[in-house]
S.K.: 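Have a look at the structure that comes next, please.
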Protein chains: 2
Amino acid sequence: MTQDMQRTPSQVCVFRRHEFLARADERKDCVLRIEEGWAAQYRLLPDGRRQIITLFLPGDYCEPQWLLQGRATLPIVALTRVRARLLPHRSIQARAPHEEDSMTRVLDAVLALLRNREKWIFNLGRMTATERLCNLICELHSRMAARNCVAVQDRYCMPLTQYDLADIVGISPVHVNRVLQNLRSDGLLELRNRWMQVLDMVQLKRLGEIMPGQGEHVPRAA
Amino acid sequence: MTQDMQRTPSQVCVFRRHEFLARADERKDCVLRIEEGWAAQYRLLPDGRRQIITLFLPGDYCEPQWLLQGRATLPIVALTRVRARLLPHRSIQARAPHEEDSMTRVLDAVLALLRNREKWIFNLGRMTATERLCNLICELHSRMAARNCVAVQDRYCMPLTQYDLADIVGISPVHVNRVLQNLRSDGLLELRNRWMQVLDMVQLKRLGEIMPGQGEHVPRAA
DNA sequence: CGTATCGTTGATCTAGTTCAATAAGCGTGG
DNA sequence: CCACGCTTATTGAACTAGATCAACGATACG
């Protein structure tokens, strides 16, 4: 598919599930804008441990920093069928600051990525399994909502398997299942057949969202 | 100290231990370059849980992304006495690409930050306590080495308390202590009075460093 | 309609937490 | 110089969140 990308600059291209959008250390002269489907960037250990580092949803730039570094660092795989538009670096640089897919927009996406990683470092370091999952669900909801991908009654398509979820929040798949059971039985959400329905966003946020709590005092362990 | 910063653009300024280099949401028209001392960016929960997100060492740009977003997101505190040079955005933009403290250099630092966070998301999500600590020690060693701050025999000044270490690697201070005991008794390192001496870097790397292992197969939980 | 993937459940185990107490450093003022 | 108070390091004992193992049921899909 790399070949396709070379042949058809500024075009749309499609990846089947499990196909790679990027491989480690691959050269990149385009940024992708996901138009449909979900993709994930991950790191894998020889012993099988996997951690998903970044999730790409419809509307996201897939690796905006490629614009600056011209190279992928980690593999990116399609979690569903993915349709993406290729944005050659040149065409991005050519656009006026306030246009769609301009330099400014792409750099903003880099900053957003950086902030999102702040959040996940915190999550993985200091939140419980339930908190992490709630947090993820809220994040997905708000990102999907921002792209107008949430239907009535807070329903949205959530194609991640419980294995995927486990590899995002850094827990085991079995435990993901158990936490989801709890959230379901507490009436916070419904999740079946790749459709997520948030039933009690307030409570979900309370369980998962990180409080502002930017302590002004000297930081020290509790 | 914000006042000092306004009054003396392009100057050096000094922070005592526990003083803030930045507060959440503060406006920033300078990037700092740390000349001496260590600082940390962290997030704190009302219940006392703290996670250090970024560590700034001598030679590092402290929050290069301020150049792009003009604003801090999280508090940054001095872990030791810190001396830092103020680099106003204007002066950075004025420099030629290959100069010290040019736009290019600062953007490279943003990219490095992004990659370092990839690594830590992986660490926190999928590595054991021992692996995380070894990994951190190796990272500190190589960052200090890059700044010529490592003396003979792999000795370097490591001012982090065990509480700090705990809040970086996302485990409890007590457990940090125990893991360090193990590493000491295995003859991998020496650590006393804020001085770290790495005795067996090879073994330490093996325990902590992330193998390339970029699996080419379909990612799935082990 | 058979086969691989995905979800669910129970039982057992363990890495790491929490609590609590003590010891060792270390700066500061008298 | 010493005494005091505070921070940091160390250790043990009890506990728990979450992992691991294993089996089985449900889906989906070619």
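Because the structure is a prediction, the values reported are computed rather than measured. Chain A is the first sequence line, chain B the second, and so forth, proteins listed ahead of strands; every chain is numbered from 1. The figures here come from the full heavy-atom set of this structure, side chains too, leaving out hydrogens, waters and symmetry mates.
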S.K.: Using whole Å, what does the distance between atom C1' of nucleotide D/dA17 and atom CD1 of A/Ile171 come to?
M.R.: 10 Å
S.K.: C/dT17 P sits how many Å from B/Tyr163 OH, rounded?
M.R.: 14 Å
S.K.: In whole angstrom, give the distance that lies between atom CD of B/Gln162 and atom P of C/dT17.
M.R.: 13 Å
S.K.: Return the set of residues passing side chain to side chain contact (heavy atoms under 4.5 Å, CB included) with A/Ala78 (not counting sequence neighbours), or none when no residue passes.
M.R.: A/Phe15, A/Leu21, A/Val82
S.K.: Please give the angle, rounded to 10 degrees, between the axes at the start and the end of the helix from C/dC1-D/dG30 to C/dG30-D/dC1, where five pairs define each axis.
M.R.: 50°
S.K.: Who passes side chain to side chain contact (heavy atoms under 4.5 Å, CB included) against A/Ser142, sequence neighbours left out?
M.R.: none
S.K.: Taking salt bridge (charged side-chain N to carboxylate O under 4.0 Å, His left out) as the criterion, tell me which of B/Glu36, B/Glu35, B/Glu19 meets it with B/Arg81.
M.R.: B/Glu36
S.K.: If only side-chain N and O atoms count, and only distance matters, is there a donor-acceptor pair under 3.5 Å linking A/Gln162 with A/Asn177?
M.R.: yes
S.K.: How close or far is atom P of D/dA9 from atom CG of B/Asn177, stated in whole angstroms?
M.R.: 8 Å
S.K.: In chain order, what residues pass the salt bridge (Lys or Arg N to Asp or Glu O under 4.0 Å) check against A/Asp200, with sequence neighbours excluded?
M.R.: none
S.K.: Could you pull out every donor-acceptor pair under 3.5 Å between side chains of residues 145-154 of chain A and any protein atom, sequence neighbours left out?
M.R.:
unit_1   : atom_1 : unit_2   : atom_2 : d
A/Arg147 : NE     : A/Pro58  : O      : 3.4
A/Arg147 : NH2    : A/Gly59  : O      : 3.3
A/Arg147 : NH2    : A/Asp60  : OD1    : 3.1
A/Asp154 : OD1    : A/His141 : NE2    : 2.8

S.K.: NA contact type, B/Ser172, heavy-atom cut-off 4.0 Å: base, sugar-phosphate, or nothing?
M.R.: base
S.K.: Send over the distance from A/Arg194 CZ to C/dT5 P, rounded to a whole Å.
M.R.: 13 Å
S.K.: May I have the step-by-step check of side chain to side chain contact (heavy atoms under 4.5 Å, CB included) for A/Arg33 and A/Cys62, ending in yes or no?
M.R.: CA-CA 6 Å; A/Arg33 197 186 55 212; A/Cys62 177; over 6 Å; no
S.K.: Considering only residues two or more places apart or on different chains, which pairs with a residue in residues 171-186 of chain A satisfy salt bridge (charged side-chain N to carboxylate O under 4.0 Å, His left out)?
M.R.: none
S.K.: Assign B/Arg192 to base, sugar-phosphate, or nothing according to its heavy-atom contacts below 4.0 angstrom with the strands shown.
M.R.: nothing
S.K.: Write down the protein N/O and nucleotide N/O pairs, taken from nucleotides 25-30 of chain D, whose separation is under 3.5 Å; answer none if there are no such pairs.
M.R.:
unit_1 : atom_1 : unit_2   : atom_2 : d
D/dA28 : OP1    : A/Asn193 : OD1    : 2.8

S.K.: Cut-off 3.5 Å, side chains only: do A/Ser185 and A/Asn182 have a donor facing an acceptor?
M.R.: no
S.K.: From the options A/Glu131, A/Arg132, A/Met127, select the one residue that forms a side-chain contact (heavy atoms from CB on, under 4.5 Å) with A/Val169.
M.R.: A/Arg132
S.K.: Counting any heavy atom closer than 4.0 Å, what does B/Arg132 reach on the DNA or RNA strands: base, sugar-phosphate only, or nothing?
M.R.: nothing
S.K.: Using the salt bridge (Lys or Arg N to Asp or Glu O under 4.0 Å) criterion, which residues pair with A/Glu139? Sequence neighbours excluded.
M.R.: A/Lys119, A/Arg143
S.K.: Applying salt bridge (Lys or Arg N to Asp or Glu O under 4.0 Å), can you list everything that pairs with A/Arg117, at least two apart in sequence or on another chain?
M.R.: B/Glu118
S.K.: Any side-chain donor paired with an acceptor under 3.5 Å for B/Arg115 and A/Gln65?
M.R.: no
S.K.: Which ones in residues 178-191 of chain A lie close to DNA chain C, meaning a heavy atom under 4.0 Å from one of its atoms?
M.R.: A/Arg178, A/Gln181, A/Arg184
S.K.: Would you mind reading off the distance between B/Leu165 atom CG and D/dT8 atom P, rounded to a whole angstrom?
M.R.: 12 Å
S.K.: Write down the distance between CZ (B/Arg49) and P (C/dT17), rounded to a whole number of angstrom.
M.R.: 13 Å
S.K.: Between the protein and nucleotides 13-15 of chain C, list the N/O to N/O atom pairs that are separated by less than 3.5 angstrom.
M.R.:
none

S.K.: Check salt bridge (Lys or Arg N to Asp or Glu O under 4.0 Å) between B/Arg71 and all other residues, then give those that pass, not counting sequence neighbours.
M.R.: none
S.K.: Expressed in angstrom and rounded to an integer, what is the separation of A/Met158 atom CE from C/dC6 atom P?
M.R.: 13 Å
